[in-house]
Amino acid sequence: MSDGGIHDAVIIGGGHNGLICGAYLARAGRKVLVLERRDILGGACVTEEIWPGYRVNTAAHMLGLMQPRVILDLDLMAHGYDVVPVTPGVHLVEGAGPVVLWKDPSRLQAELARFSARDAAAYPRFQAHLARVAPVFRRMLWEIPFDPAATGPRALLRLAGFGWRNRAALPLFNELTDLLSMSVHDYVARWFESEEVRVILGYYPAGAAGQSNSIHTPGTAYLLLRNHMRDGPDAAGGTGLVRGGMGRVAEAAAASGARFGMAVRTGAEVAEVIVEGGRATGVRLADGTAIRARAVISNAAAQHLFADLVPEAAAPADYRRGVSGIHGEVTSFKIHLALERPIPFRGLAEAGYPEGEYPVQVTLAPSLAYVERAYAEMKAGRIAGHPYMTVQTPTVVDPGLAPPGRHLVSIYGGHVPAGPGSDQGTAMREVLFGRVLDTIAAHAPDFDRRWLHRQILLPRDYENIFRLPGGSPHHGDLTMDQLFFRRPLAGHADYRTPVPGLFLCGASAHPGGGVTGVPGYNAARVVAAALQ
């Protein structure tokens, strides 16, 4: 059974990168079809009504890296993309209570001065240092990785062109090497003497970047650049929460592509990539329908693609072996709660938080020892006795996500044992839930622990629901052995696969996960050139 006709491109997966890739190709005049297995678009960048009237960001929950180039190129703001600025975040610090992460640099310095006057003075210099180094990394986002081990005139020309375009990196070589090789703790320790400031600055790379890291894990320092990786005109808007939920990013990309004829089907599960004469020529759906295309593009993880969809004989054994060996086991969890009121964390007013306002995000990682203990307990096969966590209440600034008078709370934290043989059953979930509420209550003694609805999501759930290998939003860790030239594998990092006509456009490809739109943008460039 065939749906008739031949598309220029068929895309497996209606996540934001698949839709962005498709929208760019459609804008270039190509006939594009996007196929989504679930009945809702977005992949892991999705908003779901899991309880009546509540719109929950079940996976991605914050927009900080979406690139202005993509927003403006596709005119996403005209199709429902709207970012709501968030109130200042709060970090709960042992012995100090809430530390308000003011957006005003001078006020933030005053907060840091509570722990060290020297650290407060160093903070502007530290941020200026990151801002000086970040443009090198930002430019690299838009590069099509090539194989530096390849020889021949064309390969040498590519290498020379890459070196010339990125020649500004040479004076910063040592700084770049440090960021890519050092642990976040060791890196911030060069600048700051107090443990309190170190845990405030090191929390995101150590605990909130979608990987299973210690604050002492080598290669985590470069994640400090997160707040400097978005560059572009103010017309693209800022960072924060997406009004109406993260799924609006995918909806806006789909609407943008529809202007140029891009078609989207939900509830359309791809069962097989059709390979004929050694080339990908289309896909076959679970209902048996064959869809022909000149290019097949996978927003799905490379591991899923080559384990389940591509015929075994179609790809070299060493490539399959390499893809199956991509590491990225996640040990974090998410808990979503419907509450009558935000959690009453102690000390907000005393910390100077404005009356009548409430922080969208509260980070509960009181000390370096606390964060490290949670990691060590997971490594020993136990649920963290006191998990670290980011407690987000998006309804503070976007009340339409819940019924009137109600609130949503999304808790992202760690660690839990994961991987083959780990216990992620009902009893384990109850233990975890109890520890999370106990930990919150220690910082919010007036919290009545009452909730209207709850959802507990563990790594295995993210693998089952979203087909994320190991639960990883990045499809594999963002480590030196799995970045740029080596993503997903060395020699195959240019969005092409060893199967002619089959391409990658999702987090498996450079530059990895996070809601950036860059993999979709770059893949569209490669596919467009291949279709000429």
Side-chain angles (χ1 to χ4, degrees), residues 62 64 89-96 99 101 111-112 115-116 119 122-123 126-127 129-130 133 175 177-229 327-333 361-391 411-418 439 443 459 472-474 477-483 512-514:
M62 180 67 84
V90 166
H91 194 119
L92 304 182
V93 174
E94 191 172 277
V99 174
L101 307 179
E111 288 286 270
L112 301 183
F115 310 108
S116 165
D119 287 357
Y123 183 75
F126 175 70
Q127 291 298 334
H129 167 72
L130 295 181
V133 176
E175 289 94 331
T177 301
D178 287 346
L179 278 164
L180 288 168
S181 62
M182 292 179 67
S183 75
V184 61
H185 176 269
D186 289 350
Y187 197 86
V188 297
R190 288 180 167 182
W191 293 81
F192 304 102
E193 62 184 4
S194 71
E195 290 203 359
E196 293 87 352
V197 174
R198 291 178 189 178
V199 77
I200 289 170
L201 297 178
Y203 171 73
Y204 175 80
Q211 302 186 138
S212 182
N213 289 333
S214 157
I215 202 165
H216 294 290
T217 299
T220 50
Y222 84 96
L223 293 166
L224 290 164
L225 293 168
R226 182 179 189 272
N227 292 336
H228 298 273
M229 291 303 288
H327 59 84
E329 201 74 59
V330 170
T331 55
S332 53
F333 61 84
Q361 289 202 159
V362 175
T363 297
L364 206 164
S367 68
L368 293 174
Y370 183 105
V371 174
E372 282 302 281
R373 188 181 308 116
Y375 183 79
E377 289 171 339
M378 176 275 297
K379 295 295 284 184
R382 303 190 299 271
I383 305 169
H386 298 284
Y388 70 78
M389 61 187 81
T390 299
V391 181
I411 302 165
Y412 175 90
H415 291 276
V416 296
T439 302
H443 298 270
S472 171
H474 306 291
D477 288 340
L478 301 175
T479 49
M480 277 292 288
D481 60 318
Q482 295 183 167
L483 284 176

Do you know the tightest heavy-atom contact between [X] and [Y]?
X      : Y      : answer
Ala365 : Val371 : CB-CG2, 3.7 Å
Tyr412 : Ser332 : OH-OG, 3.3 Å
Ile215 : Glu372 : N-OE2, 3.0 Å
Leu225 : Leu130 : CD2-O, 3.7 Å
Gly210 : Pro473 : O-CD, 3.6 Å
Trp191 : Ala122 : O-CB, 3.7 Å

Quick check against the 3.5 Å criterion: does [X] have a side-chain atom that pairs as donor or acceptor with the backbone of [Y]?
X      : Y      : result
Tyr370 : His386 : yes
His129 : Glu175 : no
Glu329 : Ser212 : no
Gln211 : Leu478 : yes

Do [X] and [Y] come close enough that some side-chain heavy atom pair is under 4.5 Å?
X      : Y      : value
Glu377 : His415 : no
Ile383 : Phe333 : no
Leu224 : Phe126 : yes
Thr331 : Lys379 : no
Gln482 : His474 : no
Glu193 : Asp119 : yes
Pro459 : Val416 : yes

Original post:
Quick one: CD1 on Ile200 to CG on Leu101, what's the gap to the nearest 0.5 Å?
Top reply: 6.5 Å
**OP:** Show your working on side-chain hydrogen bond (donor to acceptor under 3.5 Å, both in side chains) between Tyr203 and Thr390 and close with a plain yes or no.
**Re:** CA-CA 10 Å; Tyr203 171 73; Thr390 299; 2.7 Å; yes
